[in-house]
Amino acid sequence: MKHNILDIKGIKVGHAQNQEGKTGVTVVIATNGAVCGVDVRGAAPGTRETDLLNPINAMEKVNAVVLSGGSAFGLEASCGVMKYLEEKGMGFDVGVTNVPIIPGAVLYDLENGDAFCRPDQEMGRQACENASDESLAEGDVGAGCGATVGKLRGTAGWCNSGIGSWAETTENGITVAALIAVNAFGDVLENGKIIAGTRDENGNFLDTAQGIINHASTLSFRGKNTTIGVIATNVKLTKAQGAKVAGMAHDGLARCISPVHTTMDGDTLFCLSTEEIILPTAPVDLVGILAAKVTEQAVLRGVKAAKPF
């Protein structure tokens, strides 16, 4: 067991990044397709193809999910992923070709490097070429390359962050995993203690949530954040059940990020089901509870694996 998202059979993950530009792409490829649900909680999301994941809409399965830096510019990376997967014969067969179904989400990292270095089609393709089901890098790579947390004081006080993953498996073989790129406005806490977040002039952690309360009449914020990620399970779920699991996974963000789901965040989580295990009754609550647990751990791993400033 790898204890990360690669414990899910049929899942491959690839990163590509520009370390000087401080931005990157992470692609999660479902080699045999996967049912996908989504839950968007932040008020400033940048997303692609999320409407298609509504249970009343067509397309039961997706071929990949793309997580990217670059703010809305980074959505271009998905086009490179589409071309790569089309060449591999993956996607919805429309007769003349296959159309890869690829939802995605972006985070804002334009101020943590070169604002004009953005994930593009070439970087999306490179992430696909780097995709592996054997090993997974964490920290400031891929979509986590330019991630930061703790934005109360802007660039003067934030901490470096990254992307992390964790997985849990039950006695009867149910596996639930998370891969999270952590670029939150708020602080990251472990056991109630801030381990990454806004720092004051002396390098000490401030309490971002309390800071907002204390200075409510004078603060002005802009959307420069967002935590995005993928939950994956080997249990067969419908799109509606996947959306519910993604919603429960947000509880994991709430346990370790404060504040979370703000108007300055675009927090978005996808849930992939590879349908390897088919049970008489889908254990949605069990999967959702585990999803929250692995999401919390993936956030902590992403922050701890990132190189400090």
Side-chain angles (χ1 to χ4, degrees), residues 13-29 42 44-49 64-84 102-132 136-151 154-165 179-185 188 196 222-230 264-270 298-299 301-309:
V13 177
H15 300 303
Q17 58 279 322
N18 183 313
Q19 291 289 356
E20 292 184 3
K22 285 292 184 182
T23 194
V25 178
T26 297
V27 59
V28 180
I29 299 174
T47 57
R48 165 195 165 101
E49 295 279 39
V65 175
V66 177
L67 308 176
S68 176
S71 190
F73 297 109
L75 291 170
E76 182 185 345
S78 296
C79 297
V81 177
M82 282 199 72
K83 291 181 179 180
Y84 178 90
I102 305 171
V106 296
L107 54 80
Y108 183 100
D109 56 9
L110 299 180
E111 292 181 76
N112 189 24
D114 183 349
F116 297 96
C117 177
R118 301 151 182 171
D120 55 13
Q121 293 189 38
E122 182 179 350
M123 192 178 287
R125 170 178 284 274
Q126 187 63 56
C128 291
E129 293 174 349
N130 293 340
S132 169
L136 175 66
E138 297 174 276
D140 38 7
V141 295
C145 180
T148 52
V149 296
K151 315 295 177 61
T155 59
W158 65 24
C159 282
N160 202 25
S161 186
I163 190 168
S165 183
L179 177 70
I180 310 293
V182 190
N183 190 57
F185 173 77
V188 175
R222 291 179 291 173
K224 298 182 177 179
N225 316 291
T226 297
T227 297
I228 53 178
V230 176
M264 290 76 71
D265 289 288
D267 304 327
T268 300
L269 295 180
F270 299 91
V299 169
R301 288 179 65 84
V303 168
K304 291 178 179 180
K307 299 180 182 68
F309 284 143

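Note that the coordinates shown come from a computational prediction; the quantities given were computed from them, not determined experimentally.
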Please examine the side chains of [Y] and [X], heavy atoms only from C-beta on, and report whether any two atoms are closer than 4.5 Å.
X	Y	result
Leu179	Ile163	yes
Met123	Asn18	yes
Pro103	Val65	yes
Tyr108	Lys151	no
Leu136	His15	yes
Thr23	Leu110	no
Glu138	Ser165	yes

Query raised in the report: How about Gln19: does its CD atom have over 12 heavy atoms from other parts shown lying under 6.0 Å from it?
Result: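 Yes, because the 6.0 Å sphere around CD of Gln19 holds more than 12 heavy atoms from other groups.
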**Report entry** Name of the residue among Asp120, Val106, Val25 meeting side-chain contact (heavy atoms from CB on, under 4.5 Å) with Glu76
**Finding:**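 Answer after filtering Asp120, Val106, Val25: Asp120.
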Looking at [X] and [Y], what are the two nearest heavy atoms and their distance?
X	Y	answer
Cys128	Tyr84	CB-CD2, 3.4 Å
Leu107	Thr226	CB-O, 3.7 Å
Asn183	Thr227	N-OG1, 3.6 Å
Ser68	Ala143	N-CB, 3.9 Å
Thr268	Pro45	OG1-CB, 4.1 Å
Ile102	Arg48	O-NE, 2.7 Å

Query - Worked check of side chain to side chain contact (heavy atoms under 4.5 Å, CB included) between Val303 and Ser161 - result: CA-CA 5 Å; Val303 168; Ser161 186; 3.6 Å; yes
Report task. With sequence neighbours left out, write down each residue that passes side-chain hydrogen bond (donor to acceptor under 3.5 Å, both in side chains) with Glu49, or none if nothing qualifies. Result ->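 Testing Glu49 for side-chain hydrogen bond (donor to acceptor under 3.5 Å, both in side chains), a comparison that skips the adjacent residues, returns none.
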Output yes when a side-chain donor or acceptor of [X] lies under 3.5 Å from a complementary backbone atom of [Y], and no otherwise.
X	Y	value
Asp265	Phe185	yes
Asp140	Ala306	no
Asn112	Lys22	no

Query - Step-by-step side chain to side chain contact (heavy atoms under 4.5 Å, CB included) determination, Val28 to Phe270 - result: CA-CA 11 Å; Val28 180; Phe270 299 91; over 6 Å; no
Query raised in the report: Just how far is it from atom CZ of Arg118 to atom CG of Leu75, taken to the nearest 0.5 Å?
Result: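 Rounded to the nearest 0.5 Å, the CZ-CG separation comes out at 12.0 Å.
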Query - Any residue meeting salt bridge (charged side-chain N to carboxylate O under 4.0 Å, His left out) with Lys83, in chain and number order, not counting sequence neighbours - result: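 Counting only residues at least two positions away or on another chain, Lys83 forms no salt bridge (charged side-chain N to carboxylate O under 4.0 Å, His left out).
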